[in-house]
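Here's the structure, in structure tokens; my notes come after.
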Amino acid sequence: MSGNGKESEVLPVQMGYESKFKFKCHKGIECFTKCCRGIDIMLTPYDILTMKKRLDLTSEEFLAIYTDLHLLESADLPVVTLKLLDDDRKSCPFVQDKEGCTIYEDRPSTCRYYPLGMGSLSYTTDQEAGEADDAFFFTVKEDHCLGFEEDKEWTVAEWREDQGVNIRDEINAGWTNLIVRKKSVPQSMKLSEQSKQMFFLACYNIDKFRQFIFESSFLTRHKLDDALVEEIRNDDIKLLKFGFEWLKSTFFKDGEIIKGDSVAQAPPK
Ligand code: SF4
Ligand code: SF4
């Protein structure tokens with residue numbers, strides 16, 4: 001039901017889309033909601049979009065109230081995680097003992113994938129299918145999770161479809177690619193602080209990113225098709241995907257970071 005627990009034991013068995021596993025999570029199970037405490041859930045750009053809409057907040061408000069900012073050291077890029085409550089159990093702010101997840105329909109991708117984790121070795125993601133060619137999966141087994149003892153069998157592909165992660169992976173593919181691609185360049189090739197701030201803005205603070213595009217000189221400096229301009233003005237998903245593509249073209253060329261990477265304007269504070 002939820003994300004990577006600190007006490008989790010990651011089994012070293014790599015699984016593919018057709019690999020099978022047994023699992024069932026339901027309200028009647030003894031461990032219900034135990035997985036929603038003491039967890040570490042990295043939020044994707046689309047998670048933030050859906051959760052801030054659900055909570056009727058701006059992206060800036062959502063980030064301030066519900067997230068912690070981290071540096072993903074392997075990629076030297078900013079990422080955000082769900083901020084846990086300061087209670088004895090370090091609970092997720094959205095969990096209730098009896099009801100479970102109060103934002104279930106808009107729960108983050110990590111919660112949907114659980115008890116699976118996913119890895120990818122390159123940035124060759126098929127954005128149409130939302131599947132990475134070389135994606136692999138593994139089960140995350142926590143001592144308290146009794147779902148593996150239930151008698152319901154899934155393939156990884158069936159689980160992904162049932163949990164609605166296909167569509168989310170497709171929308172987030174450009175972000176995943178940026179991170180995997182950045183990890184693949186030598187550590188010595190660094191992005192400027194300004195570029196990292198722009199990554200944060202475009203990937204996580206979508207309302208502010210839209211403001212930046214439409215209220216700065218961005219559209220005079222970048223000649224965009226009129227139809228695209230209207231799309232990104234009105235459609236958050238189109239704006240997210242545009243942001244990923246723009247960051248990619250700004251940061252990388254021929255597999256390398258563009259020298260003095262070319263974010264020509266400071267992001268708004
Ligand atoms: S968002 Fe929902 S499913 Fe995820 S940890 Fe919180 S309560 Fe559990
Ligand atoms: S079965 Fe596992 S995922 Fe479901 S509530 Fe229990 S601990 Fe959480």
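Every number for a ligand or one of its atoms is a count from 1 in the order of the listing. Count residues from 1 along the sequence. Keep in mind that what you see is a predicted model, and the values were worked out from it rather than measured.
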Checklist entry - Looking just at side-chain N and O atoms, do Tyr46 and Asp169 make a donor-acceptor pair shorter than 3.5 Å? => result no
Next on the checklist: Under 3.5 Å, is there a donor on one side chain and an acceptor on the other for Thr50 and Asp106?
Outcome noted: no
Can you list the ligand 1 atoms lying under 4.0 Å from a non-hydrogen atom of [X]?
{"X": "Phe94", "value": "7 (S)"}
{"X": "Cys92", "value": "1 (S), 5 (S), 6 (Fe), 7 (S)"}
{"X": "Ile41", "value": "5 (S)"}
{"X": "Val95", "value": "7 (S)"}
{"X": "Ile39", "value": "5 (S)"}

Item to check | Heavy-atom proximity to atom 7 (S) of ligand 2, best of Cys25, Cys145, Gly100, Cys111 | outcome: Cys145
Checklist outcome for this item: Closest heavy-atom approach to atom 1 (S) of ligand 1 among Pro108, Ser109, Pro93 is made by Pro108
[X] side chain vs [Y] backbone, donor-acceptor pair below 3.5 Å:
{"X": "Thr67", "Y": "Leu63", "value": "yes"}
{"X": "Arg112", "Y": "Gln163", "value": "yes"}
{"X": "Thr155", "Y": "Glu158", "value": "yes"}

Checklist entry - Does His26 bring an N, O or S atom to within less than 2.8 Å of atom 4 (Fe) of ligand 2? => result no
Which atoms of ligand 2 have any heavy atom of [X] under 4.0 Å away?
{"X": "Tyr114", "answer": "3 (S)"}
{"X": "Gly147", "answer": "1 (S)"}
{"X": "Thr33", "answer": "5 (S)"}
{"X": "Phe32", "answer": "5 (S)"}

Examine [X] relative to [Y] and say whether NZ or CZ is less than 6.0 Å from the centre of the six-membered ring and inside a 45° cone about the ring axis.
{"X": "Lys152", "Y": "Phe23", "value": "no"}
{"X": "Lys248", "Y": "Trp246", "value": "no"}
{"X": "Arg160", "Y": "Tyr113", "value": "no"}

Next on the checklist: Taking N, O or S atoms only and a limit of 2.8 Å, check whether Cys36 reaches atom 8 (Fe) of ligand 1.
Outcome noted: yes
Checklist entry - Name the one of Leu224, Val229, Asp235 that satisfies side-chain contact (heavy atoms from CB on, under 4.5 Å) with Phe242? => result Leu224
